[in-house]
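Taking it in order: structure first as structure tokens, then the write-up.
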Amino acid sequence: MNLVQKVEHWGDTHHPKWIDILRIALGIIIFAKGVGFVNDREAVAELFRQTNFQLSIWSAVHYVVFAHLVGGLFIILGLKTRFAALLQIPILIGAVFFVNITNGFSYLNSEFWLSLAVLILLCAFLVLGSGKYSLDHLMDKPGYERTI
């Protein structure tokens with residue numbers, strides 16, 4: 001058993017049920033942020049311009065919007081939660097360390113604290129996984145046949 005499998009096994013065996021509620025809330029927050037980005041893509045592009053992001057701003061904006069919408073939905077449903085969290089982590093690292101930190105550590109900078117909390121939770125769910133109330137758990141039950 002390699003390290004990744006050991007971490008997954010530990011996460012699957014040490015997963016209290018209340019964590020699933022936290023996972024669903026995290027997914028809702030990420031999905032809602034994605035919807036907000038869809039409604040105001042120019043503001044997201046301006047955030048990338050402020051950070052002197054060197055790659056294509058158009059590509060970065062679309063990646064962030066897509067990852068938030070699809071990743072948030074996957075986290076809510078508990079479908080490939082670890083993978084969805086892994087896709088979100090680079091975005092949140094950028095949000096915490098390049099975008100929101102410019103306003104300082106003040107308690108008035110609520111966007112920084114929300115981004116930091118979401119980043120910490122994503123790292124936790126990268127280890128913990130989906131939990132019992134998830135599509136991943138439902139599909140792993142005996143008797144469930146995959147048709148794909």
Who are the side chain to side chain donor-acceptor pair (under 3.5 Å) partners of Thr81, not counting sequence neighbours? Ser130

Non-hydrogen atoms of Ile91 and Ala67 that approach each other most closely: CD1-CB, 3.6 Å

Closest approach of Ile30 to His68 (non-hydrogen atoms, all atoms of both residues): CG2-O, 3.5 Å

Can you list everything that forms a side chain to side chain contact (heavy atoms under 4.5 Å, CB included) with Ile28? Sequence neighbours excluded, please. Ile24, Ile76

Please name all residues satisfying side chain to side chain contact (heavy atoms under 4.5 Å, CB included) with Phe83, sequence neighbours left out, ordered by chain then number. Lys80, Leu87

State the CD1-NZ distance between Ile19 and Lys132, to the nearest 0.5 angstrom. 14.0 Å

Tell me which pairs pass side-chain hydrogen bond (donor to acceptor under 3.5 Å, both in side chains) where either residue lies in residues 23-32, with sequence neighbours left out. Asp20-Arg23

So CG of Leu26 and CD1 of Ile21: to nearest 0.5 Å the spacing works out to 13.5 Å

Atom pairs and distances, side-chain donor-acceptor, residues 114-125, under 3.5 Å, sequence neighbours left out:
| unit_1 | atom_1 | unit_2 | atom_2 | d |
| --- | --- | --- | --- | --- |
| Ser115 | OG | Asn100 | ND2 | 2.8 |
| Ser115 | OG | Glu111 | O | 2.9 |

Count the heavy atoms belonging to other residues, nucleotides or ligands that lie under 6.0 Å from OH of Tyr133, then report whether that count exceeds 12. no

Output for pair (Met139 CE, Leu79 CG), nearest 0.5 Å, gives 5.0 Å

Of all the heavy-atom pairs spanning Gly34 and Leu69, show the shortest one and how long it is. C-CD2, 3.7 Å

Can you name the residues that form a ring pair (Phe, Tyr, Trp, His ring centres under 6.0 Å) with Phe31, not counting sequence neighbours? none

